[in-house]
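Just below is one structure, and these are the notes that go with it.
Counting from 1, the numbers follow the sequence of the chain as shown. Every heavy atom of this structure was used, including side-chain atoms; hydrogens, water molecules and symmetry mates were not.
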Amino acid sequence: MKWFGKNNWEEEDVEFAPKRRVDNKDSKQRPHVIGAFYSHRMSIVAEYDSLTEWAFYSLLELEINVARYYVQPVRIHIPYSDNNGNLKSWLHVPDVLVFRDGFVPHLYQIKHSPNDSSEKLKIINKACEVYANSRSWEYSVIYPKSLPKLVSRNIEFLAGFTKTRKWFDSYAPVVMSRLRLIGQTSIAELSQSFIPQYDPLLVLPVIYHLIAKGNLWININEPINEYSIVRIPTEKNLFLL
């Protein structure tokens, strides 16, 4: 589905608004770190229950195919029988619903580790899968913390450059044009190539911003710094593959 061609998200913004507030009530075995961040993709303040959730939301902020995502988007009724055999239900709220261009919506449950397994979680996952199927969505359980530490650090670093600064719009086309001419080079050499026209210290954040937006290719599996090699992507692939 072509979500990038969708101009009005008002209906989804209402339907998939957060269904609960974050808290620490389930942190008996392992303390959670709750918080909030400003999503430049969604233009809202989004909350997270743990650093594991924050890691995945940071990745969504960088992924160029993501058109929209919603945290705590739906309530799912999970049936059970009480001690008297009466059929009842309790509510579960999955972590995030993602709209990727060219794909059906994808509902995710975010967990710290594959070892986070119990009969309750199996019941939750089955109910979420049934619910997703009923809406022709995909459903997955994911483990962002299983990413290599270096990749996670790179994601966290680039997430800080998703915001567009006031001078980026005038600098970005010039940077892209220069790199097309050069072919590929290090971030430091690219920024310094603008002396004396521009201050390299002003060009550097523009380059990192273009990387974060997927306009420039970089090797995410190596430490990202001023010596990293960048180039224009030869095909529309995510740099986070």
So Glu61 and Ser39, side chain to side chain donor-acceptor pair (under 3.5 Å) or not? Walk me through it.
CA-CA 7 Å; Glu61 288 288 308; Ser39 167; 2.5 Å; yes
Between CG of Asn225 and CD1 of Ile218, what distance do you get to the nearest 0.5 Å?
8.0 Å
Before giving the answer on side chain to side chain donor-acceptor pair (under 3.5 Å), spell out for Asn133 and Tyr139 the whole-Å C-alpha distance, their side-chain angles and the decisive distance to 0.1 Å.
CA-CA 8 Å; Asn133 288 338; Tyr139 173 72; over 6 Å; no
Out of curiosity, does Phe161 fall in the hydrophobic cluster containing Ile229 (side-chain heavy atoms, cut-off under 4.5 Å, transitive links)?
no
Roughly how far, to the nearest 0.5 Å, is the CZ atom of Arg178 from the OG atom of Ser191?
11.0 Å
Looking at Glu11, I'd like to know if its CD atom is crowded, meaning that more than 12 non-hydrogen atoms belonging to other residues, nucleotides or ligands lie closer than 6.0 Å.
no
Value rounded to 0.5 Å, distance of OH in Tyr143 from OG1 in Thr52
11.5 Å
Considering all heavy atoms, the nearest Gln72-Glu47 contact:
NE2-O, 4.1 Å
Do Leu210 and Val230 touch side chain to side chain, with heavy atoms closer than 4.5 Å?
no
Roughly how far, to the nearest 0.5 Å, is OH of Tyr171 from CG of Asp199?
7.5 Å
Check the hydrophobic clustering (I, L, V, M, F, W, Y; side-chain heavy atoms under 4.5 Å; chains of links allowed) and say if Trp167 and Leu190 are grouped together.
yes
Do Leu97 and Pro105 come close enough that some side-chain heavy atom pair is under 4.5 Å?
yes
To check you understand the geometry: which heavy-atom pair defines the closest contact between Ser170 and Val174, and what is its length?
O-CG2, 3.6 Å
side-chain contact (heavy atoms from CB on, under 4.5 Å) assessment of Ile187 paired with Leu204
CA-CA 7 Å; Ile187 292 175; Leu204 276 174; 3.5 Å; yes
Angle class for the Phe16/Trp137 ring planes (parallel below 30°, perpendicular above 60°, tilted otherwise)?
perpendicular
Can you hop from Ile123 to Leu87 via hydrophobic side chains spaced under 4.5 Å?
no
Cluster question for you: counting only ILVMFWY and a side-chain heavy-atom cut-off of under 4.5 Å, with indirect links fine, are Met176 and Leu202 together?
yes
Is any side-chain heavy atom of Asn221 less than 4.5 Å from a side-chain heavy atom of Leu150?
no
Determine the minimum heavy-atom distance between Glu226 and Ser186, stating which atoms define it.
O-CB, 3.9 Å
Under-4.0 Å salt bridge between Lys122 and Glu119:
yes
Indicate the ring-plane relationship of Trp3 and Phe99, choosing parallel, tilted or perpendicular according to the 30° and 60° boundaries.
perpendicular
More than 12 heavy atoms from other groups under 6.0 Å of CD on Glu156
no
Closest non-hydrogen contact found for Glu10 with Asn8 is N-OD1, 2.8 Å
Whether Tyr69 and Tyr57 hold their rings parallel, tilted or perpendicular, with breakpoints at 30° and 60°
parallel
Would you kindly confirm whether Ile211 and Tyr227 end up in one hydrophobic cluster when ILVMFWY residues are joined by side chain heavy atoms under 4.5 Å apart?
no
Residue pair Ser113 / Lys145, side-chain heavy-atom distance below 4.5 Å
no
Ignoring hydrogens and geometry, is there a side-chain-to-backbone donor-acceptor pair from Lys19 to Ala17 under 3.5 Å?
yes
Is there a side-chain contact between Leu62 and Thr162, using heavy atoms and a 4.5 Å cut-off?
yes
Using the rule given for side-chain contact (heavy atoms from CB on, under 4.5 Å), can you reason through Leu147 versus Leu59, listing the C-alpha separation, both sets of side-chain angles and the distance that settles it, and then say yes or no?
CA-CA 11 Å; Leu147 284 170; Leu59 192 150; 4.2 Å; yes
Where Glu222 and Asn154 come nearest, the two heavy atoms and their spacing
O-ND2, 2.9 Å
Apply side-chain contact (heavy atoms from CB on, under 4.5 Å) to Ile44 and Asp13, showing your working.
CA-CA 11 Å; Ile44 62 169; Asp13 290 347; over 6 Å; no
I'd like to check His77 versus Tyr131 (side-chain heavy atoms, cut-off strictly below 4.5 Å). Are they in contact?
no
Interatomic distance, CG@Leu179 vs OG@Ser193, rounded to 0.5 Å, equals 9.0 Å
With a 4.5 Å limit on heavy-atom distance, are the side chains of Pro18 and Val93 in contact?
no
How long is the span from the CZ atom in Arg68 to the CZ atom in Phe4, to the nearest 0.5 Å?
12.0 Å
I need the minimum non-hydrogen distance between Pro94 and Ile76, along with the two atoms involved.
CG-CD1, 3.6 Å
Run Leu216 and Ile232 through side-chain contact (heavy atoms from CB on, under 4.5 Å) and show every step you take.
CA-CA 5 Å; Leu216 298 182; Ile232 302 294; 3.7 Å; yes
Please work out which of the three classes, parallel, tilted or perpendicular, describes the rings of His106 and Tyr108, given edges at 30° and 60°.
parallel
Within a 6.0 Å radius of atom CZ on Arg165, are there more than 12 heavy atoms belonging to other residues, nucleotides or ligands?
no
Any non-hydrogen side-chain atom of Lys126 less than 4.5 Å from a side-chain atom of Val130?
yes
